K.L.:
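The structure follows.
Atoms within each ligand, like the ligands themselves, are counted from 1 in listed order. Every heavy atom of this structure was used, including side-chain atoms; hydrogens, water molecules and symmetry mates were not. Keep in mind the model is a prediction, meaning the values are calculated, not measured.
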Amino acid sequence: MKTVIIGSNHAGIAAANTLLDNYPGTEVVLIDRNTNLSYLGCGTALWVGRQIDGYEDLFYTNEETFRKKGAKIFMESSVTSIDFNNKIVYFENKAGEKSEESYDKLILATGSKPIIPNIPGKDLEGLHFLKLFQEGQEVDHDMSREDVKTVAVIGAGYIGVEIAEAAKRRGKNVLLFDAMPTSLASYYDPEFTHNMDKNLEENGIELHFGELATEYKGDKRVTQLVTDKGTYDVDMVINAIGFTANSDLGKDHLETFRNGAYLVDNHQKTSDDSVYAVGDCATIYSNALEATTYIALATNAVRSGIVAGHNVGGTELDAIGVQGSNGISIFGYNMVSTGLSVAAAKKAEIDVDYTDFEDLQKPGFIKENAPVKIRIVYEKSSRRIVGAQLASTEDISANIHMFSLAIQEHVTIDKLKLLDIFFLPHFNQPYNYITMAALRAK
Ligand SMILES: Cc1cc2nc3c(=O)[nH]c(=O)nc-3n(C[C@H](O)[C@H](O)[C@H](O)COP(=O)(O)OP(=O)(O)OC[C@H]3O[C@@H](n4cnc5c(N)ncnc54)[C@H](O)[C@@H]3O)c2cc1C
Ligand SMILES: NC(=O)C1=CN([C@@H]2O[C@H](COP(=O)(O)OP(=O)(O)OC[C@H]3O[C@@H](n4cnc5c(N)ncnc54)[C@H](O)[C@@H]3O)[C@@H](O)[C@H]2O)C=CC1
C-alpha cells in the first residue's frame, strides 16, 4: 500500500513515523514546500528573546532520517493540485519541474496559515507574521537593526504575548494591541488575564486593548500604525491575530468546517474514504464542548498524526478528543488552562458555574513560595468539569493534566472534593488548593 503525505511538519511527521515504525513494507511519500521540517515554533520567542542560544536545536528530525527509514521525501516541492478521482498528487519543485505521485491513501497535513489583517498599507516593509522558521529569522533580523526602536505587536494571544516579551528582552519599546479588552482572552477569564496584563505592564510593555488596527502607514517601510483610537510611530509590526486552516488543496472536494478545516471522523478520515487529514488543517473533537471544533496546537497535530497513521496502516484506532490544554510563561508568570473558561462556555451556550481558590503553593514556613490562583469550571446541570485555569510564579503546569483527564472522562466537580492528593511541604499544602476549590463548589 502506498501513502502520500502532503505536509511534513508535526502532524505529517507523526503520521509518517507511525506508518514507517509500525507497518514494515508500507510505501510512504512525503512532500513539503518548505526547506525544513519539524521546526518547533514554540521556541521562536525564546530564541528571538535570547532566552536560548540559537534556533539550531528547534528541529527534531530531518530529511535524511526519513530516507533511512525507507520513505521518499520531496522538500521544496509544492503540491499544486490533487486528482481525487484518479488518486494522483501533482507537485512542482523550486526549479519549476513538475512531478506526480499516485496514492492508495492520502494524508493531508498542510497545517495552518496566519490570518492577514486586510487593512491599507499591508504590503509595506517591516510588517511581519510569525509562523514559519524563516519568518522567525526575519523578525530576529529586523530586531537587530539599530533603527528599530519601537515594535508594535497586533494580537495579544499566545504568539503576540510571547513575542512582545521577546522584543522587550531585546530592549525595544513594545506596544501590544488586541481587539479584546485583555490579553489571552480566548484562553482565560478576566480574573486571570488581568494578572497577566499587570505582569506585562510591570515589565514595560505598553498595552492597547480594545483597540483595532485600521492602517499601516509609511513610504516604503512602515513608520506608523493607525488604530480606531490613535496613531503610533512604530519601526516594525508583528501581526499575530490567529491561524486559519490551510485547506486550499481539498476544499472543493472534501467537506469542511466553518473556518475551512477538513471535517474528519475519529479515525481522522475526511469525507473521501481514501483521504485523511491531520493537524492544523483538520477539525478536532472537543470533549469540553462535546462537539467538533478547531484548535491549532502542536500537541493535537502529533496525536492526530498518530491516529491517522495507525488507521491507514490497518489498525483501527479511535481519537479520544481533546481539551485544548495549553500553557504560557511570560517574565516568570505561568498560566495553564484546559477546556472552557467561563467566557468560552457562555459563548458556546453551556450553562456553567465556577469555583475559585487562591493560596500559597507550599506551607507558610517554606521560604521559596508563591500564591497560586485556581478556577474550576463545571456544567451546572451535569456538574461535569468543563475547564480549569491556574496561574502563579510557581511551576503549576503539571496540575492541568489531571483536569484534562477529568474533562475527557466526564468527572464531576463533586468527585474532586475528596480526591486523594498527596502532601509534602517541599511541593504543596495539606489543604490543597484543588481540594479547597472543589469543596467550595456550589
Ligand atoms: C510562533 C508559534 C508558537 C507556537 N507555540 C506552540 C506551543 O507552545 N504549543 C503548541 O502546542 N503549539 C504551538 N504552536 C502551534 C503549532 O506550531 C501548530 O499547531 C503546529 O505547527 C501544527 O502542525 P501541522 O503539522 O498540522 O501544521 P504546520 O506546522 O502548519 O505544517 C504544515 C506543513 O505543510 C506544508 N504545506 C502546506 N501546503 C503545502 C503544499 N501545497 N505543498 C507542500 N507542502 C505544503 C508546509 O510547508 C508545512 O511544513 C505555535 C505556533 C507558532 C507559529
Ligand atoms: N503556548 C502555546 O501553546 C502557543 C500556542 N500557539 C497556537 O498557535 C495558534 C496561533 O496563535 P495566535 O496567532 O497567537 O492566535 P490566538 O488565537 O492565540 O490569538 C489571537 C489574538 O488576536 C486577537 N485578534 C483577532 N483579530 C484581531 C484584530 N483584527 N485586531 C486585533 N486583535 C485581534 C484575538 O483577540 C486574540 O487575542 C493558536 O492556536 C495558538 O494556541 C501559538 C503560540 C504559543
Side-chain angles (χ1 to χ4, degrees), residues 5-15 30-48 58 74-82 89-92 108-119 129-136 139 153-163 166 176-187 193 208-214 227-228 238-250 261 277-282 294-302 304-305 324-330 335-337:
I5 304 176
I6 309 177
S8 53
N9 212 18
H10 309 304
I13 288 170
L30 285 147
I31 309 171
D32 200 291
R33 63 185 175 197
N34 207 338
T35 52
N36 60 75
L37 60 158
S38 78
Y39 178 63
L40 288 164
C42 52
T44 304
L46 291 173
W47 148 51
V48 171
L58 295 176
F74 299 93
M75 295 302 295
E76 296 185 72
S77 299
S78 209
V79 173
T80 47
S81 64
I82 303 164
V89 169
Y90 295 93
F91 58 104
E92 204 174 303
L108 297 167
T110 48
S112 52
K113 46 191 181 188
I115 298 169
I116 301 174
N118 190 18
I119 56 177
F129 292 92
L130 210 53
K131 162 83 186 161
L132 304 175
F133 165 59
Q134 291 89 337
E135 290 166 340
V139 165
V153 178
I154 306 182
Y158 268 168
I159 293 182
V161 169
E162 287 178 353
I163 203 66
L176 179 60
F177 295 83
D178 202 288
M180 299 296 281
T182 68
S183 65
L184 306 177
S186 358
Y187 305 91
T193 55
H208 294 270
F209 295 155
E211 194 163 340
L212 266 183
T214 53
T227 74
D228 55 353
I238 302 166
N239 292 293
I241 62 165
F243 287 174
T244 188
N246 177 18
S247 57
D248 297 344
L249 289 171
V278 294
D280 282 7
C281 68
Y294 182 74
I295 306 174
L297 282 174
T299 46
N300 296 344
V302 170
S304 60
S325 305
N326 60 81
I328 191 161
S329 180
I330 301 294
M335 289 171 74
V336 285
S337 81

K.L.:
For atom 2 (C) of ligand 1, which of the options Cys281, Ser8, Gly41 provides the nearest non-hydrogen atom?
P.N.:
Gly41
K.L.:
Does any N or O atom in Asp32 lie less than 3.5 angstrom from one in ligand 1, N or O only?
P.N.:
yes
K.L.:
Just going by heavy-atom distances, which of Ala298, Ser325, Ala45 is nearest to atom 13 (C) of ligand 1?
P.N.:
Ala298
K.L.:
I want to know if ligand 1 touches Phe243 in the polar sense, i.e. an N/O pair below 3.5 angstrom.
P.N.:
no
K.L.:
Look only at interatomic distance and state if Ile6 has a nitrogen or oxygen under 3.5 Å from any nitrogen or oxygen of ligand 1.
P.N.:
no
K.L.:
Just go through His10, Arg33, Met75 and tell me whose heavy atom is the nearest to atom 43 (C) of ligand 1.
P.N.:
Arg33
K.L.:
Return yes or no for this condition: an N or O of Phe243 is under 3.5 Å from an N or O of ligand 2.
P.N.:
no
K.L.:
Name the option, out of Gly7, Ser78, Cys42, that contains the heavy atom nearest to atom 4 (C) of ligand 1.
P.N.:
Cys42
K.L.:
Is there a polar contact, in the sense of an N or O pair closer than 3.5 Å, between Glu211 and ligand 2?
P.N.:
no
K.L.:
Considering the heavy atoms of Gly242, write down every atom of ligand 2 situated less than 4.0 Å from one of them.
P.N.:
12 (P), 13 (O), 15 (O), 20 (C)
K.L.:
Distance under 4.0 Å to a non-hydrogen atom of Gly111: what atoms of ligand 1 satisfy this?
P.N.:
26 (O), 27 (O), 28 (P), 30 (O), 32 (C)
K.L.:
Indicate yes or no: does an N/O atom of Phe177 lie under 3.5 Å from an N/O atom of ligand 2?
P.N.:
no
K.L.:
Only heavy atoms count here, so choose which of Leu297, Ile119, Asp228, Ile159 is nearest to atom 14 (O) of ligand 2.
P.N.:
Ile159
K.L.:
Would you check whether Ile328 has a nitrogen or oxygen atom less than 3.5 angstrom from a nitrogen or oxygen atom of ligand 2?
P.N.:
no
K.L.:
Which protein heavy atom lies closest to atom 23 (O) of ligand 1, and at what distance to 0.1 Å?
P.N.:
Ala301 CB, 3.6 Å
K.L.:
Mind checking whether Asp178 has an N or O less than 3.5 Å away from an N or O of ligand 2?
P.N.:
yes
K.L.:
If you have a sec, work out which protein heavy atom is nearest atom 2 (C) of ligand 2 and how many Å separate them, to one decimal?
P.N.:
Tyr158 CD1, 3.3 Å
K.L.:
Can you find a pair of side-chain heavy atoms, one from Gln134 and one from Asn34, that are under 4.5 Å apart?
P.N.:
yes
